[in-house]
Amino acid sequence: MEFVKPTIEYAELAPLLIVLGGACLGVAVEAFLPRSLRRTVQLVLTTVVLLAAFATTIWVATDLAEVAGGAARGLLTAEGTIVVDGPTVFLWGLVLLLSLGGVALFAERRIEGGVSAFAGQAAALPGTEAEREASTRGWEHTEVYPLLLFAVGGMMLFLASNDLLTMFVALEVLSLPLYLLTGLARRRRLLSQEAALKYFLLGAFSSGFFLYGAALVYGFAGSMQFSAIAEAVRNDTENQALLLVGMGLLAVGLLFKVGAAPFQGWTPDVYQGAPTAVTAFMSAATKVAAFGALLRLFYVAFGSDRWSWQPMMWAVAILTMVVGAVVAVSQTDVKRMLAYSSVAHTGFILTGVLGVQGAGELADGQITSLQAVLFYLAAYGVATLGAFAVVTLVRDSNGEATHFDRWAGLGRRSPWLAGAFGLYLLSMAGIPLTAGFVGKWAVFTVALSAGAWPVVLTAIASSIVAIFFYVRYIRIMFFTEPHAGTPAGEVASVTTPSLLTSATIAAGVLATVVIGVVPGPVLDLAARAGDFIR
Amino acid sequence: MSDFPWLTLLIVVPLVGAVVVAALPRAELAKLVALLVSVLTLGLGVAVALQHELRGGMQLTETHDWISAFGVHYALGVDGLSLLMVLLTVVLVPIVLAYSWTHDEGPGAGGSPRAFFAWALALEALSLAVFLATDVFLFYVVFEATLIPAYFLIGGFGKAGRGAAAVKFLMFQLGGGLVLLGSVIGLYVVSAQAGEPSYLHSDLAALDMSTSAERWILAGFLIAFVVKAPLFPLHTWLADTTEKATPGTSVLLVCVLDKIGTYGMLRFCLELFPDASQWATPLVVTLALISIVYGALLAIGQDDLLRLVGLTSLSHFGFITLGIFAFSSQGQSGAILYMVNHGLGTAALFLTAGHVVARRGTSSISRMGGMEKLAPVLAGLFLLAGLATLSLPGLSPFVSELLVIIAAFDYHWWVGAIAVTGIVLAAIYVLSMYQRVMTGPGPLVADDAAAGEHLEDPAHREPAGHGTAGGGATATATHTDTRAGAAVATPAAARDLRPHEVAVLTPLVVGLVLFGFFPMPLFDVANPYVEDLMARVDVDDDAPAVPPGTTVEHEAAGEGAH
């Protein structure tokens, strides 16, 4: 067998390489720089890397070659294992922007009184002398920045991967740093570590499902590559069972990552236990990446067998929306409420996914499924990141005050911040003139075009339920006074953050309103992304 | 006329005004600016009206692409129906603002009169946008957006328990709105299947829809409008809201915002889905009849004055809907006039009732009585507003109610027969209300001045600083106070209307009397629209709901009478 040198298109892969290279550099910084310098260097390094990657993404996006008669743009690189096409660069840009917000939240030190929200020394057991020492010396883990970069790299690879093995590797690269980050909270460490362990165990299980599914699909198609699988799905009718089981197992792995029911069990615990900055980053960026991968796998590899998986998606979407919305109603913790709301949003996005309305099947100028999902991800990512950023600021003497009651009367004391949180909630609830409304409109439309009216009706019903718990928070913040006789330290107040957090919140508010009022540019961008390359 | 964007200006002025008012430092200045802005908006509304050409169809249109991917336009236009609604809105808002000023309504502690005035202006801007939108998507957006200011107006100002009332209001409205969203999306899909997707009202009206699609989409629109209007069985938010909110807020809600429901029935249900609307007529007429009778019965049984006034509107919205769905010219004209007259009459009733409540420190009718002697002017205006509500001949609601009832009899004799009972019941609730509030033994002279003093307490103008749960302590205290001083009121608390308070109410009274004797201007504006609408509805309808002979006869009689 002759060895052929693989060709790799470095230019198109530049954003990915920059992020992963930056992550490695960050590890080197940890090893060689003195502790006092690390935070500044890491912060600058991470920001520069993400900005550079974003700039290169734009550059890559502007000269992607057109293929398939203009229906799609891009190319397969790295021997067909990675694909850089319109949706890829759109989602790369989105993940990078959300990560920038995440970095800003990671770096916030003013609200904790001069230290970050991460444990001083993760290896020190909670409640021991070592922990106290780390705390009094003001140590902090600057490893979180390279960890974040690795996670971002994994996400970018995940949504660009064009074969099952690459996808699996990317899944692990993005997950492992997140497991670690989840366990690093400075306060309530046991809760945080429990969340990390839970996330890790369940994540490992789901990876196992994914891997087994990949093996079965390989058995069916004789190849890991999506194009070859698609070819086999079109031609081969003998091994239907192998295909169906494999497809189901792959779906389990991906649906776990997006947090769809019945695999949503980890979401509330992990979102609650993780440091809120991590939750913000994770809930926004991971969902974007995982949906990118889900779309690619099901549209490209299994697109011609959609009749097999669409009923499953219908059921999962309906279940996810109902579970997310109904369970969120009974939550009394703001982080858990946002976690269940994120589950409900997963259901809404799946509503957009299951239509599979490509441009070829629709009237001229009608919105496609991919366009709708891309837009929804942008709207949702911004609102979630912003909402969790607000949560980091509402604190009492015990740290973040996440309990429902503690937020009473916040709108009186800090109208601007409460207003921002209210806006994010309204966007998630899908009130017009916010980004969330346009997103909701888009995904419902594509689902209805595909004839999935039972799903759309369920989605509307769940939206009504969802409005209830969002509006309840607005009422608590603006129209309710804290219980009389609450000691001063017990009342949550807003800690003044540094520019890092305020800028993130402000940018989120701006984006939510601007995309909500003038969604045209973002929709056009999503439309210009075109189709996946097969 | 010119290309000058009059309608955009009409929307932008109050919207900018709202932002400015919210940003102003001093409350007094903010109130003044807000009032000036609302008067300026009134001027613009009059300017639009002066340019209106009767029988000109949609005028002053503005159309710009907004979201091309969805076929959505920023499209405004005004015809007879919108013009009347716009005028009603721009007239009522300055009155409400002036009322709230003299009444010191919204404010209290916490520096929020600013907020009240700003939200009211925002509500005005969005309501105007609703009445002017000629793109269904734009309509939906502003339709939902009106709920935000309304929510903060209810939740921020009024009695204890308003927080819960605001949430109930919002849940009903947003629920209806989301059902409407389903239909709006359905319209997009139908429109895309027919060619290029477009949300323009004119494009959609030309669309050829399958019967089942038309009916499903209509169902969504109807549910949303039935919540909004409101009709039985989706009316339960109405009484709670009017009870807890300030009278000013109630006027904005019931007289302006709820008109969107009946406006939408005409503009969207009948214009876009004429066949399906006829198909749905029996159901809607039944609901309207139930609302007329049930609303009136509920009103008779109420002890809370503001709740009672709110429930009379349930009955009135039943009449309006009945007129719309009777599918005859008299019915449509009557319904449109009814929308205007109900706006004037109910606003007058809410505001005078607000004065009464403010003077008695309680809104419970059983603790009132004998106001007549102490406050004759107030009693007179209250009676006038009440008589307008029961459609006394000579006052404008009479004209519209008569037309609606004629149409109802044309539709079917038993429909008319049931509707007529609404008039009798209206007489009962209005007159018994007047009797219990105004007549009877004079208010007891205060046994102890302290109790009377307490009545001055912000029983119903609770400062915005107090919330539902949190304000519990003060709220209960106030309640016990009012209960202790049941029928007690110091003479000071029962003083008559001051001149400026009368001045605020004057435009409403003038309108009620003027249009009672001379409703021609309203007909001139409404009739061309109704003719267009009837033509449109009959396009696919070979057998009109009303036998041709009777229609002509009645129309001639009706026209002659005015």
Side-chain angles (χ1 to χ4, degrees), chain A residues 362-368 371 375 405 408-409 411-412 422 426 429-434 437-438 440-442 444-451 453 456-457 459-468 471-472 474-476 478-484 516-520 522-524 526-527, chain B residues 65-72 110 115 126 137-138 140-145 147-148 151-152 154-156 162-164 166-167 170-171 173-182 184-186 188-198 216 220 464-474:
Chain A
L362 294 167
D364 208 21
Q366 199 178 348
I367 184 167
T368 65
Q371 199 183 347
F375 187 90
D405 290 339
R412 277 294 143 54
L426 289 179
I431 306 294
L433 301 178
T434 60
F437 165 68
V438 183
K440 221 166 225 180
W441 186 93
F444 290 2
T445 302
V446 291
L448 199 62
S449 306
W453 58 267
V456 175
L457 286 187
I460 287 177
S462 326
S463 303
I464 297 177
V465 176
I467 282 174
F468 176 72
V471 167
R472 198 170 52 174
I474 298 182
R475 179 184 160 198
I476 283 275
F478 286 98
F479 302 143
T480 311
E481 283 289 299
H483 290 297
V517 177
V518 195
V522 179
L523 280 170
D524 288 347
Chain B
D65 268 353
W66 179 16
I67 312 173
S68 47
F70 297 176
V72 171
L126 293 170
F137 191 90
L138 178 65
Y140 179 77
V141 166
V142 282
F143 174 82
E144 291 280 87
L147 300 178
I148 307 290
Y151 174 72
F152 281 94
I154 301 168
R162 56 182 186 248
V167 169
L170 198 63
M171 288 308 300
Q173 301 289 340
L174 284 178
L178 279 168
V179 175
L180 179 57
L181 177 65
V184 170
I185 288 172
Y188 174 86
V189 173
V190 173
S191 144
Q193 279 164 0
E196 194 145 335
S198 163
W216 278 109
H466 297 274
T468 47
T474 25

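Numbered from 1 within each chain, the chains take letters A, B, ... in sequence-line order. Because the structure is a prediction, the values reported are computed rather than measured.
If you look at F444(A) and F70(B), their ring centroids are not closer than 6.0 Å.
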F375(A) vs I367(A), side chain to side chain contact (heavy atoms under 4.5 Å, CB included): CA-CA, chis, key distance, verdict: CA-CA 11 Å; F375(A) 187 90; I367(A) 184 167; over 6 Å; no

Pair L170(B)-I154(B), side chain to side chain contact (heavy atoms under 4.5 Å, CB included): steps then yes or no: CA-CA 10 Å; L170(B) 198 63; I154(B) 301 168; over 6 Å; no

Evaluation steps, side chain to side chain contact (heavy atoms under 4.5 Å, CB included), between Y140(B) and F437(A): CA-CA 11 Å; Y140(B) 179 77; F437(A) 165 68; 3.3 Å; yes

Step-by-step side chain to side chain contact (heavy atoms under 4.5 Å, CB included) determination, L426(A) to I148(B): CA-CA 10 Å; L426(A) 289 179; I148(B) 307 290; 3.9 Å; yes

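Contacts of F143(B) with chain A are absent, with no heavy-atom separation under 4.5 Å from either backbone or side chain. At a 4.5 Å heavy-atom cutoff, the contact between I467(A) and chain B is made by backbone and side-chain atoms alike. Neither the backbone nor the side chain of I476(A) has a heavy atom closer than 4.5 Å to any heavy atom of chain B. Proximity to chain B is absent for every atom of V456(A), based on heavy atoms less than 4.5 angstrom apart. I460(A) touches chain B through backbone and side chain together, each having a heavy atom under 4.5 Å away.
Your options are L457(A), V465(A), V471(A), and the one with the most heavy-atom pairs under 4.5 Å with chain B is V471(A). Ranked by non-hydrogen atom pairs under 4.5 Å with chain A, the options I67(B), V141(B), D65(B) are led by V141(B). When L523(A), L433(A), V518(A) are compared by the number of non-hydrogen pairs under 4.5 Å with chain B, L523(A) comes out ahead.
Nearest heavy-atom pair, Q371(A) versus A527(A), reported as atom, atom and distance to 0.1 Å: NE2-CB, 3.5 Å.
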